[in-house]
Each structure stands twice: as C-alpha cells, then as structure tokens.
Amino acid sequence: MNLEESVQMQARFIERRRRTRLSDFPWWILAVGLLAAAVAVLISTDPDFNQAFVIIRAGLGVTVTTSLAAFALALVLGLIAGLGLISANPVYRNAATIYVEIVRGIPMLVLIFFIALVMIPGAVGGINVLGELLVSRGMTAAGTPLAGLDISQVDMNFRAVLALAVTYGAFLAEVFRAGIQSVPGGQMEAARAQGMTYRQAMRFVILPQAVRNILPALGNDFISMIKDSSLVSVLAVRDITQIARLYAGRSFKFEEAFTILAVMYLTITLVLSIVMKRFEQRMRRHEHA
Amino acid sequence: MNTHESMIRMLDVHKTFGSLKAVNGVSLTVRRGQVFVIIGPSGSGKSTLLRCINFLEVPDSGQVWIDGRRVEAEPRRLNAVRANIGMVFQQFNLYPHLTVLENITLAQRIVRRVPGEQAKQTALRQLERVGIAEKAGAYPAQLSGGQQQRVAIARALAQDPDVMLFDEPTSALDPEMIKEVLDVMLSLARTGITMVVVTHEMGFARAAADVVVFMDQGQILEQAPPGQFFARPQHDRTRQFLSQILTR
Ligand SMILES: Nc1ncnc2c1ncn2[C@@H]1O[C@H](COP(=O)(O)OP(=O)(O)OP(=O)(O)O)[C@@H](O)[C@H]1O
Ligand SMILES: [Mg+2]
C-alpha cells in the first residue's frame with residue numbers, strides 16, 4: 001500500500017467516523033429544544049401567550065402533587081395486588097385478579113367518574129351506616145363523627161388522587177408481578193432453606209431484586225401518570241388542563257391556551273424521561289449482578 | 001440439646017410430579033456425624049430426595065425425622081427445622097444484591113435474631129474457614145464460581161447447622177475450581193458435621209463418605225461403605241453407572 005492509498009483510507013475512515021457521530025447525535029432533543037425555545041420566545045414577547053402562560057402555570061402545583069400522591073398510593077396498591085397475583089392463597093389471588101381485570105376492562109375516564117362519583121359516595125354512605133350502628137350501641141364518641149360524615153366534605157382533589165391511584169395500582173400490580181417473577185426461583189429456595197418465612201424472603205431477598213429490575217418500568221409509568229392526571233380535570237380539579245380549558249373557554253384564546261398546555265406537559269415528561277435515562281445508565285454502571 | 005443417634009431418618013418417602021414418581025418409596029438413616037453420599041443417573045430423583053429432607057419438596061407420603069423430631073409442613077416448626085439445616089445448591093444461589101458479608105449475616109439476623117456485631121464475627125470466621133475472608137465486602141458477581149460456592153458454604157455454616165445438604169455443589173464449576181470447593185468439603189467432613197452430598201465426584205465419595213447410596217428411578221438400589229461400594233457393586237445398574245462415570 002503506497003502513501004496515497006493510506007492517506008485516502010485514513011480520510012475515508014475519518015469521514016465515516018464523523019458521519020456516525022452525526023447520526024448518533026440526538027437530533028430529536030435539539031428539535032424539541034428549539035420548539036421549547038420558540039414557545040419561550042412567544043411567552044416573553046407575545047402578551048397573549050404571556051397571559052395564558054401565567055394563568056395556566058398556577059395549576060402546575062396541583063398537577064404535580066396530584067400525580068405524586070396518586071403514584072405513591074398506586075405503588076402501595078400495586079405492590080399489595082402484585083403479591084396477591086402470585087399468592088398461593090386462592091382468596092388473595094382471585095381478589096387481586098378481579099381488581100386488575102376490572103380496572104383493565106374500563107376506560108380510564110369512565111373509571112375516574114365511577115370512582116369519584118359513585119364508589120367514594122357509596123363508601124361514605126357505608127361509613128354513615130357504620131357510625132349510626134356504633135351510636136345505637138352506645139359508642140357515641142366513635143360513632144358520631146362517622147355518622148355525620150358528608151360526601152360534600154370529601155374534596156375533589158382527594159377523590160381524584162384516589163381514582164388515579166386505584167387505576168394505576170392495577171397496572172403496577174402487573175409490573176410488580178413481572179418483577180418478582182423475573183427473580184430466579186433459586187433465590188426464594190435459598191432463603192426458605194435458611195429458615196426465612198415467605199414474608200422475610202420476599203422482603204429481604206426477592207423484592208430488592210425485583211424493584212431494581214422494574215425501576216425503568218416504574219419511571220415510565222410515572223410519566224404516564226403525569227399525562228393521565230389531565231383526565232381529573234373532568235372532576236373540576238384545577239390542574240393545568242382544567243385551568244387551560246377554563247381560560248380558553250372564557251377568552252376564546254384556544255391557540256395560546258392549548259399550545260402552552262401541550263408544551264408544559266411535554267417539558268415535564270421529557271425532562272423526567274432524560275433524568276430517568278441518566279439514572280438507569282448510572283445504575284447499570286454500578287450493577288453488581 | 002437432643003443427641004439422637006440417627007440424625008436423619010426417612011421412612012417410605014414418596015414424591016410424584018404429575019404421573020412421574022420422582023422419589024418412589026425411599027427409607028434411609030443417616031447417623032450423627034456421617035457423610036452420606038448419593039449418586040445416580042440424571043433424573044433418578046437425587047435432588048428431589050435431598051429437598052424432601054428440609055421439605056423444600058413436601059413428600060406426598062412417608063415420614064422424615066431430623067434429630068428425633070418429625071418434620072411437618074406446619075410453617076413455624078418447619079422454619080425452625082430448616083434453620084438447623086444448611087443447604088448448598090448447584091447454582092450457588094447467593095443473594096446478588098447483598099455483599100458477601102451481608103449474604104452470610106442476613107439469615108442469622110432475621111431468622112435466629114443474632115445481634116449485628118456477633119453475626120458479623122460469625123460471618124468473618126466462616127469466611128476464614130473457607131479461605132476467602134478478604135472478599136467480605138465484594139458482591140457475588142465479582143467472584144469466581146469457586147469463590148461463590150465457598151461463600152455459599154460459609155453462609156450455610158453460619159446458621160450453625162446440625163446437618164449440611166449439598167446438591168451437586170461442583171457441577172456448575174470450571175474444572176480448575178472444583179478442587180477448591182471439594183477441599184473445603186473434605187475439611188468440613190473431618191469436623192464431624194453430618195453431611196448429605198449429591199455428587200458425581202467419585203474421588204470425594206471415596207475419600208470422605210461413610211456411606212454411598214446409588215439411586216435409580218426414584219429408589220435406592222444399593223447402599224454400602226465406599227470401599228465395598230466401589231470394589232464390589234451388587235447391582236448391574238450400579239456397575240453400569242460406575243463404568244460410565246469413571247471412564248468419562
Ligand atoms: N418441580 C418439578 N416439577 C416437575 N417435575 C420435576 C420437578 N422437579 C423434578 N422433576 C422431575 O423429577 C425427576 C427427578 O428429578 P431430580 O431433579 O430429583 O433428579 P436428579 O437425580 O437430581 O437429576 P440431576 O442429576 O439431573 O440433577 C426428573 O424427571 C425431573 O424432571
Ligand atoms: Mg439434581
């Protein structure tokens with residue numbers, strides 16, 4: 001190989017490397033970033049966009065706290081139901097299956113109406129009956145507050161959290177079940193052979209490994225939860241969607257209101273998704289197993 | 001402490017999976033301090049039999065006695081029995097999310113409620129005994145197969161068990177690591193702990209066993225001290241199996 005050939009080869013090599021680097025670059029992030037920048041410019045220069053932004057921003061706190069509270073509760077429900085799905089006890093197993101299947105078979109919007117406007121009032125009615133029963137048995141101190149509980153005292157934000165949590169609890173049950181079943185059977189055997197109870201083995205051996213395996217899935221579900229939290233606007237909860245709807249209806253500035261709304265969700269979910277990817281990469285680097 | 005002379009007794013134990021008779025009427029006695037070696041072809045029910053001792057498989061019928069006490073499926077008593085039996089698996093089954101030290105202290109702390117510092121001292125002593133004290137802070141995935149299996153042995157020993165069960169402890173190991181595990185098992189055998197060992201390592205059986213049994217199709221065909229067992233096997237099936245395994 002003469003000098004010229006080798007120089008040519010080197011040039012081709014460099015060109016190829018440059019091209020792969022260009023194709024590896026996350027262009028989509030750049031595009032989205034430009035879009036966000038354009039909207040930011042609009043907000044700071046256009047008074048209509050600015051007004052829409054300032055008004056809708058007031059709902060961010062509700063959107064975030066509703067999502068966080070509902071997700072925390074959904075994690076608890078999902079863990080309990082997930083353990084139920086794999087339980088050897090047919091009562092637990094069937095109860096968990098009924099819960100998961102019912103939730104899966106109903107559109108989320110309908111479910112939110114049903115839980116907030118049928119189930120929770122029904123539960124309050126049940127608590128009233130229980131309270132009256134206690135009062136009639138002479139337990140006035142415990143009974144009176146229960147008997148006097150009024151459904152109008154149960155605020156919609158709380159009902160919204162419960163509705164989202166019940167819905168997502170059923171999704172997360174499947175995630176937990178899959179996570180637990182991804183841990184090799186030998187782990188449970190080794191733990192039981194050492195004399196651990198089923199609960200101890202779950203808590204100290206199986207779940208720590210399962211949770212590590214499902215962290216990415218949980219992250220994705222949290223992002224979905226933020227998006228689906230927009231559905232609770234149908235309960236008149238003043239989250240960003242509800243405020244945007246009200247504002248648009250009042251001012252007829254649909255373009256401004258819904259552009260801002262869409263970009264707000266997009267920003268939250270994209271930032272979370274990037275944070276989670278980072279976190280995953282870090283975990284993988286520190287992986288022991 | 002109970003000092004029953006027979007540490008393990010099994011009486012007519014049966015275990016079927018569907019229509020498959022994995023263990024088909026086994027009775028045996030392992031005396032205190034004996035090393036009891038089980039050999040036999042693949043699928044003959046060796047693992048199932050071993051797992052019937054600590055009820056990882058609950059027998060369909062028959063009785064199991066440990067140190068003069070009947071083993072039953074009642075959870076609380078079963079957990080107490082298991083805590084007294086160390087088990088070592090072919091695939092090690094270390095807890096990958098815990099360090100070597102934590103692997104060995106976990107059951108001590110939550111099953112026997114040993115205080116943390118004491119559990120740690122016990123763990124370090126057992127690690128010393130299997131020759132890898134320097135790996136206490138490592139995670140299982142950072143160890144070789146042989147080292148992992150020695151940790152698994154240390155973990156079982158830290159339960160301070162009366163009985164150790166081994167299910168093909170060297171079968172998943174590269175040849176150069178088999179010896180380090182067998183050496184640990186040999187020195188353990190000399191301490192007088194009762195051991196039941198499923199293995200294809202005939203060298204270990206010759207050197208350490210008090211009794212060798214041959215299993216085939218869920219039954220014990222033959223049982224003898226190793227000298228006699230290897231020199232004058234009684235059954236055709238045993239001779240056939242030995243000739244296969246010794247020429248391999
Ligand atoms: N949990 C189970 N469910 C169904 N069949 C099983 C189960 N465990 C074992 N068996 C079957 O029971 C028979 C005995 O299995 P076992 O594992 O006890 O044999 P083994 O002698 O230990 O074999 P190997 O040398 O391959 O480990 C095999 O045919 C096996 O497929
Ligand atoms: Mg086996």
Side-chain angles (χ1 to χ4, degrees), chain A residues 75 79 82-84 86-93 175-219 276 279-289, chain B residues 47 50-51 53-58 75-100 102-113 137-143 148 151-152 155-161 163-167 172:
Chain A
L75 282 174
L79 176 59
L83 288 169
I86 56 159
S87 171
N89 183 328
V91 177
Y92 294 158
R93 203 170 56 237
V175 174
F176 276 107
R177 181 195 56 71
I180 291 168
Q181 288 179 339
S182 74
V183 178
Q187 293 290 307
M188 179 57 93
E189 276 187 358
R192 296 309 302 275
Q194 289 202 282
M196 290 185 213
T197 64
Y198 180 81
R199 268 162 180 262
Q200 287 175 327
M202 264 296 160
R203 170 157 166 223
F204 294 104
V205 176
I206 308 298
L207 282 177
Q209 298 180 59
V211 166
R212 206 169 294 201
N213 291 346
I214 63 175
L215 269 183
L218 291 180
M276 261 163 230
F279 178 74
E280 250 173 76
Q281 279 168 1
R282 260 222 348 235
M283 272 226 333
R284 211 164 302 139
R285 238 177 293 137
H286 291 269
E287 194 101 308
H288 316 295
Chain B
S47 297
L50 198 69
R51 294 153 60 83
I53 294 175
N54 62 358
F55 271 40
L56 277 186
E57 299 289 359
V58 179
R76 282 174 70 94
R77 284 177 54 192
L78 184 53
N79 287 330
V81 169
R82 284 171 172 168
N84 190 34
I85 301 176
M87 189 162 195
V88 176
F89 302 85
Q90 183 173 351
Q91 299 297 338
F92 328 138
N93 295 351
L94 292 179
Y95 310 133
H97 61 299
L98 301 178
T99 64
V100 164
E102 290 163 344
N103 262 275
I104 306 177
T105 53
L106 179 63
Q108 295 187 68
R109 279 182 21 241
I110 65 177
V111 176
R112 295 178 47 219
R113 306 195 180 286
Y139 282 90
Q142 296 166 327
L143 306 183
Q148 289 190 49
V151 172
R155 177 174 73 176
L157 288 173
Q159 293 170 229
D160 192 21
V163 179
M164 287 283 285
L165 308 179
F166 293 84
D167 191 358

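The sequence lines fix the lettering, A, B, ..., with proteins before strands; numbering per chain opens at 1.
A search for side chain to side chain donor-acceptor pair (under 3.5 Å) contacts involving A:R192 returns nothing, not counting sequence neighbours. Qualifying side chain to side chain donor-acceptor pair (under 3.5 Å) partners for A:N213, counting only residues two or more places apart in sequence or in other chains: A:S182.
In terms of non-hydrogen atom pairs under 4.5 Å with chain A, the most contact-rich of B:L78, B:L56, B:N54, B:T99 is B:L56.
At least one donor-acceptor pair under 3.5 Å links the side chain of A:Q200 to the backbone N or O of B:I110. Not one N or O on the side chain of B:H97 forms a donor-acceptor pair closer than 3.5 Å with the backbone of A:L207. The backbone N or O of A:G186 sits less than 3.5 Å from a side-chain atom of B:N93, completing a donor-acceptor pair.
Of the atoms belonging to B:F89, it is side-chain heavy atoms, and not backbone ones, that fall under 4.5 Å from chain A. Heavy-atom distances place the backbone of B:L94, and not its side chain, under 4.5 Å from chain A.
The local environment of OH in A:Y92 is sparse, with at most 12 non-hydrogen atoms from other residues, nucleotides or ligands closer than 6.0 Å.
Looking at B:R112, B:Q159, B:R82 one by one, the single match for side-chain hydrogen bond (donor to acceptor under 3.5 Å, both in side chains) with A:Q194 turns out to be B:Q159.
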